[in-house]
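Residue numbers start from 1 in every chain, and the chains themselves are labelled A, B, ... in the order their sequence lines are given, proteins ahead of strands.
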Amino acid sequence: MKIATWNVNSLKVRLPQVIAWLQENPVDALCLQELKQETDKFPLDAFKELGYQCAWTGQKTYNGVAIISKQTPLDITLNNPFFPDEQQRLISITVPSAIGDIRIICAYCPNGSSLESDKYTYKLEWFRALHQYLEQQLQKYPNLAVLGDYNVAPEDRDVHDKYSGDILVSPSEREAFQRLLDLGLSDSFRLFEQEEKSFSWWDYRMMGFRRNAGLRIDHILLSRPLRDLCTECVIDKQPRRNEQPSDHTPVIATITI
DNA sequence: ATGGCATCATTTTGATGA
């Protein structure tokens, strides 16, 4: 099976690209972030026509997450039960498979803005609560996949040379990300040999993509049983070359079940 | 030091993102 994550930066604007991508890449599950669309505006029919089912939660203007899946999503959980939050950033589903149920979690982690910002405090609190939720989920679901925009570049090799900011790479953010791995999750991209300077996001400004001035902040984390079955993880740069692209591009993991 | 681009909401400018 293949599972993927893509921050689309407005599903309304990007829907034709998402549909085209799914036709080219008929993954079993696609996690979307930054729908920027109210829940009742979700384009369910467009995905149904492709034979997909959906679980989603949205809000006006900001955030919003969805999981598009071939299997019927079961046990849909919106948000984090340990962290009351107006912002729609987290959704979980369960799908059946030959190795038993697989829990798929789609996350749009906060950006943080700057280290001095209240949004940064919120980001770290959000990660702490995510840690608590994943710890509980791992006990319940041994086959766990957590996909999304983490807004953390875990290591220096995940950051282009000229990046001058401290947000997304600060020690506290990296520690928060590492603490998720310490639960027994693996960054699937790093299970395999990869090209140097592999990124999943490029700034719209200053020709970021053309210069490959990017960051790797979109990740697929896998629990041990799924990690052992994971045979590939790739970043698909093609959608970033589209007209009117998202600033993020999809990451895809293959799990050979 | 700042803005640079894109999106959204309400406008001729601001908030947010990363």
#### Entry: Side-chain heavy-atom pair A:E173, A:K123 within 4.5 angstrom cut-off
yes
### Query
Can you tell me how far C1' of B:dC5 sits from CZ of A:R205, to the nearest Å?
6 Å
### Query
With the 4.5 Å side-chain cut-off for hydrophobic clustering, are A:V152 and A:Y133 part of the same group?
yes
### Message
Counting only heavy atoms from other residues, nucleotides and ligands, does the tally under 6.0 Å from CZ of A:R179 exceed 12?
### Response
no
### Query
Nearest-Å distance, OH (A:Y120) to P (B:dG17)?
15 Å
### Task
Indicate, with yes or no, if the rings of A:F209 and A:Y204 have centres closer together than 6.0 Å.
no
### Task
State whether the number of non-hydrogen atoms from other residues, nucleotides or ligands found under 6.0 Å of A:R210 atom CZ is greater than 12.
no
### Task
Using a 4.0 Å heavy-atom cut-off across all strands, classify A:L168 as base, sugar-phosphate, or nothing.
sugar-phosphate
### Task
Determine which pairs satisfy ring pair (Phe, Tyr, Trp, His ring centres under 6.0 Å) with at least one residue from residues 1-33 of chain A, sequence neighbours left out, and list them in order.
A:W6-A:W21
### Task
Would you kindly give the CG-to-C1' distance between A:D118 and B:dA15, to the nearest whole Å?
15 Å
### Gap between atoms NZ and P, on A:K162 and B:dG4 respectively (whole Å)
21 Å
### Whole-Å P distance, B:dA15 and B:dT10
14 Å
### Query
Does A:H248 put a side-chain nitrogen or oxygen below 4.0 Å from OP1 or OP2 of B:dG17?
no
### Query
Looking for any heavy atom pair under 4.0 Å, which part of the strands does A:D149 touch: base, sugar-phosphate only, or nothing?
sugar-phosphate
#### Entry: Whole-angstrom distance between B:dA18 and B:dC8, as gauged at atom P
14 Å
### Task
Determine the Euclidean distance between corresponding P atoms of B:dG3 and B:dT13; express it in Å to zero decimal places.
15 Å
Between side-chain atoms of residues 95-102 of chain A and protein atoms elsewhere (two or more places apart, or another chain), which donor-acceptor pairs fall under 3.5 Å?
unit_1: A:S97; atom_1: OG; unit_2: A:I99; atom_2: N; d: 3.2
unit_1: A:S97; atom_1: OG; unit_2: A:G100; atom_2: O; d: 2.7

#### Entry: Spacing of A:R240 atom CZ relative to B:dA18 atom P, expressed in whole Å
13 Å
Enumerate donor-acceptor pairs with a distance under 3.5 Å from any side-chain N or O in residues 190-197 of chain A to protein atoms, sequence neighbours excluded.
unit_1: A:R190; atom_1: NH2; unit_2: A:D158; atom_2: OD1; d: 2.7
unit_1: A:Q194; atom_1: NE2; unit_2: A:F189; atom_2: O; d: 2.8
unit_1: A:Q194; atom_1: NE2; unit_2: A:C233; atom_2: O; d: 3.0

### Query
Can you give the dot-bracket line for DNA chain B, where a pair is Watson-Crick or G-U wobble with both atom distances under 3.5 Å, crossing pairs use [ ], and | marks a partner on another strand?
....(((((...))))).
### Message
Using atom C1' in both nucleotides, what's the gap between B:dA1 and B:dT11 to the nearest angstrom?
### Response
28 Å
### Query
Given B:dA18, is OP1 or OP2 found less than 4.0 Å from the side-chain N or O atoms of A:Y108?
yes
### Query
Can you check the A:Y163 OH to B:dG17 P distance for me, whole Å?
13 Å
#### Entry: Check: A:T61 and A:Q59 side chains under 4.5 Å, non-hydrogen atoms
no
### Task
With sequence neighbours excluded, tell me which residues meet ring-ring contact (aromatic ring centres under 6.0 Å, His included) with A:Y150.
A:F177, A:H219
### Query
Rounded to the Å, how far apart are A:L115 CG and B:dA18 P?
15 Å
### Contact pattern, 5' to 3', of nucleotides 7-14 of chain B - B, S or - by protein heavy atom under 4.0 Å
SSS-----
### Whichever of A:N63 and A:M206 has its nearest DNA chain B nucleotide further upstream toward 5'
A:M206
### Sugar-phosphate only, base, or nothing, as touched by A:D203 at under 4.0 Å among non-hydrogen atoms
nothing
### Message
In whole Å, I'd like the distance from the CG atom of A:N7 to the P atom of B:dA18.
### Response
6 Å
